[in-house]
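Treat the numbers as computed from the prediction; the structure is a model and nothing was measured.
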Amino acid sequence: MPELPEVETTRRGIEPHVAGRCVTAVQVRDGRLRWPVPAELGEVLRGQRIEAVQRRAKYLLLRTQAGTLIVHLGMSGSLRLVAADSAAGRHDHVDIVLDSGIALRLRDPRRFGALLWTCGEPFEHARLRDLGPEPLDAEQFNGNYLYARSRGRRQALKNFLMDAHTVVGVGNIYASEALHAAGLRPSLAAGRVSRLRYERLVASVREVLQRAIAAGGTTLRDFVDGDGQPGYFAQQLRVYGRTHQPCPVCGTPIRQLRLGQRSSFYCPRCQK
DNA sequence: ACTGGATCCTGACTGC
DNA sequence: TGCAGTCAGGATCCAG
């Protein structure tokens with residue numbers, strides 16, 4: 001599910017209801033996520049005030065005095081604001097109950113998501129410390145950076161773009177969309193793409209992500225924001241999931257291929 | 001160091 | 001209707 005726009009949509013949705021509130025209870029119905037939910041989570045979170053809700057890559061960070069709760073939504077996760085006493089569904093694995101009577105409810109059918117706790121600086125956590133730059137950070141993420149980083153790499157451009165060491169937050173949907181917007185074929189060898197074309201790619205990544213955030217993200221199946229509403233960017237997708245349908249720019253049928261075990265979509269005319 | 005493949009899990013969908 | 005196979009927004013781990 002969630003790439004950067006969906007995680008950022010979630011962050012913006014929950015922040016006003018979560019920041020400044022105190023945790024009164026943590027209910028773990030099923031702690032079997034990507035990694036087991038820490039057994040001491042209820043212990044350490046209870047009574048803590050959530051001071052800020054931040055995002056790094058596809059992780060959400062709920063900061064407290066005692067430490068930080070790190071949330072990843074995996075492929076099918078969502079975080080919603082619900083009344084604390086509302087009935088939980090089959091895949092509603094964890095509730096963080098707040099003193100407002102609202103609970104932050106983690107639903108994750110496939111259980112690829114994670115809840116991690118760190119007492120230290122979250123950016124130094126093993127899961128976060130080696131991540132590449134944020135795509136919306138113009139200082140760190142620019143054409144020169146991608147050009148320099150890609151030299152000598154034979155990897156397909158799309159896989160290079162989806163590697164969180166290269167840049168974070170760009171998953172399977174937005175990689176395909178950004179490459180289409182930049183006119184670049186996903187199968188190009190990353191190391192043979194020119195500096196100018198990387199400049200274009202950076203601009204496209206940024207533009208696509210920002211439009212997706214503005215639309216509240218993309219809902220293919222599971223994604224809902226903090227209020228349970230889907231995102232509407234699916235209506236604006238130009239190539240993702242549109243095999244054999246006409247390219248919205250030139251009308252040529254969209255092609256699908258597999259790169260790194262992921263479906264990839266492109267227009268053979270617009271993307272060279 | 002880089003790359004591709006297998007893997008975790010559940011659910012939806014397709015074709016026989 | 002049932003059953004097997006395929007695929008799905010992510011990221012880690014491992015072998016070559």
Within [range] or reaching into it, pairs that qualify as salt bridge (Lys or Arg N to Asp or Glu O under 4.0 Å) - sequence neighbours excluded:
{"range": "residues 15-33 of chain A", "result": "A:R11-A:E15, A:R21-A:D99, A:R29-A:D95, A:D30-A:R32"}
{"range": "residues 142-162 of chain A", "result": "none"}
{"range": "residues 62-72 of chain A", "result": "A:R63-A:E121"}
{"range": "residues 175-201 of chain A", "result": "none"}

What is the distance from [atom1] of [X] to [atom2] of [N], rounded to the nearest Å?
{"X": "A:L115", "N": "C:dG10", "atom1": "CG", "atom2": "C1'", "value": "16 Å"}
{"X": "A:M162", "N": "C:dA11", "atom1": "CE", "atom2": "P", "value": "8 Å"}
{"X": "A:L4", "N": "C:dA11", "atom1": "CG", "atom2": "P", "value": "11 Å"}
{"X": "A:L131", "N": "C:dG10", "atom1": "CG", "atom2": "P", "value": "14 Å"}
{"X": "A:F265", "N": "C:dA8", "atom1": "CZ", "atom2": "C1'", "value": "10 Å"}
{"X": "A:L128", "N": "C:dT12", "atom1": "CG", "atom2": "P", "value": "10 Å"}
{"X": "A:R221", "N": "C:dC7", "atom1": "CZ", "atom2": "P", "value": "14 Å"}
{"X": "A:E3", "N": "C:dA11", "atom1": "CD", "atom2": "C1'", "value": "13 Å"}

**Prompt:** So does A:R262 get a side-chain nitrogen or oxygen closer than 4.0 Å to the phosphate oxygens (OP1/OP2) of C:dG9?
**Reply:** yes
**Request:** Please state whether the phosphate of C:dA8, meaning OP1 or OP2, lies under 4.0 angstrom from any side-chain nitrogen or oxygen of A:S76.
**Result:**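 So the side-chain polar atoms of A:S76 never come under 4.0 Å of the phosphate oxygens OP1 or OP2 of C:dA8.
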**Prompt:** What's the closest nucleotide to the A:Q256 side chain, out of C:dG9, C:dA11, C:dA8?
**Reply:**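 In terms of side-chain proximity for A:Q256, the closest of C:dG9, C:dA11, C:dA8 is C:dA8.
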**Request:** Applying ring pair (Phe, Tyr, Trp, His ring centres under 6.0 Å), name anything that partners A:F265, two or more places apart in sequence or on another chain.
**Result:** A:Y240
**Asked** Between A:E124 and A:R129, is there a side-chain N and carboxylate O pair less than 4.0 Å apart?
**Response**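 Judged by the 4.0 Å cut-off on N to carboxylate O distance, A:E124 and A:R129 do not form a salt bridge.
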**Message:** Less than 4.0 angstrom from a charged side-chain N to a carboxylate O is my criterion; do A:E6 and A:K58 meet it?
**Reply:** no
**Prompt:** Between A:T118 (side chain) and A:G120 (backbone), is there a donor-acceptor pair under 3.5 Å?
**Reply:** yes
**Prompt:** Would you say A:T9's side chain and A:P5's backbone share a donor-acceptor pair under 3.5 angstrom?
**Reply:** yes
**Prompt:** Just checking A:T219: base, sugar-phosphate only, or nothing, at a heavy-atom cut-off of under 4.0 Å?
**Reply:**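 Since a base atom lies under 4.0 Å of A:T219, the category is base.
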**Asked** With sugar-phosphate meaning primed atoms plus P, OP1 and OP2, does A:Q155 contact a base, only sugar-phosphate, or nothing at under 4.0 Å between heavy atoms?
**Response** sugar-phosphate
**Request:** Please figure out whether A:H91 or A:R154 has its closest DNA chain B nucleotide nearer the 5' end.
**Result:** A:R154
**Message:** Let me spell it out: for each of A:G260 and A:R149, pick the nucleotide of DNA chain B with the closest heavy atom. Which residue's pick is nearer the 5' end?
**Reply:** A:R149
**Linked hydrophobic residues, A:Y232 as query - side chain contacts closer than 4.5 Å** = none
**Item:** ILVMFWY cluster membership beyond A:L61 - transitive side-chain contacts under 4.5 angstrom
**Value:** A:W35, A:Y59, A:I70, A:L116, A:F123, A:L128, A:L131, A:V168
I'd like to know if the side chain of [X] pairs up with that of [Y] as donor and acceptor (distance under 3.5 Å, no hydrogens or angles considered).
{"X": "A:R258", "Y": "A:S263", "result": "yes"}
{"X": "A:S76", "Y": "A:D222", "result": "no"}
{"X": "A:S86", "Y": "A:R105", "result": "yes"}
{"X": "A:Q65", "Y": "A:R49", "result": "no"}

**Covered region of DNA chain B, 5' end to 3' end, by chain A [heavy atoms, under 4.0 Å]** =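 Footprint of chain A along DNA chain B, 5' to 3': B:dC2 to B:dA12.
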**Message:** Does anything in residues 226-249 of chain A come within less than 4.0 Å of DNA chain C? Heavy atoms only, and list the residues if so.
**Reply:** A:Y240
**Prompt:** Quick one, which residues of residues 117-125 of chain A touch DNA chain C with a heavy atom under 4.0 Å?
**Reply:**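 Close to the strand, none.
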**Request:** For A:R110 and for A:H165, locate the closest nucleotide of DNA chain C by heavy-atom distance; then report the residue assigned to the nucleotide nearer the 5' terminus.
**Result:** A:R110
Under 3.5 Å, which N/O atoms of the protein pair with N/O atoms of nucleotides 13-16 of chain C?
none

Could you tell me how far [M] sits from [N] if I compare only their [atom1] atoms? Round to whole Å.
{"N": "C:dA11", "M": "B:dA1", "atom1": "P", "value": "22 Å"}
{"N": "B:dT7", "M": "C:dG5", "atom1": "P", "value": "15 Å"}
{"N": "C:dG9", "M": "B:dT3", "atom1": "C1'", "value": "23 Å"}

**Item:** Intra- and inter-strand pairs of DNA chain C in dot-bracket (Watson-Crick or G-U wobble, both distances under 3.5 Å; | for another strand)
**Value:** .|||||||.|||||||
**Item:** Contact check, side chains of A:R55 and A:L4, non-hydrogen atoms, under 4.5 Å
**Value:** yes
**Request:** Determine whether A:L146 and A:F160 make a side-chain contact, defined as any pair of heavy atoms from C-beta on separated by less than 4.5 Å.
**Result:**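 Sidechains of A:F160 and A:L146: in contact.
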**Complete:** Separation between CZ (A:R262) and CG (A:N172), nearest 0.5 Å, reads 4.5 Å
**Message:** Should A:F112 be counted as stacked on C:dG10, where stacking needs a ring-centre gap under 5.5 Å and an angle between planes under 30 degrees?
**Reply:**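 A stacking contact exists, since A:F112 sits close and nearly parallel to the base ring of C:dG10.
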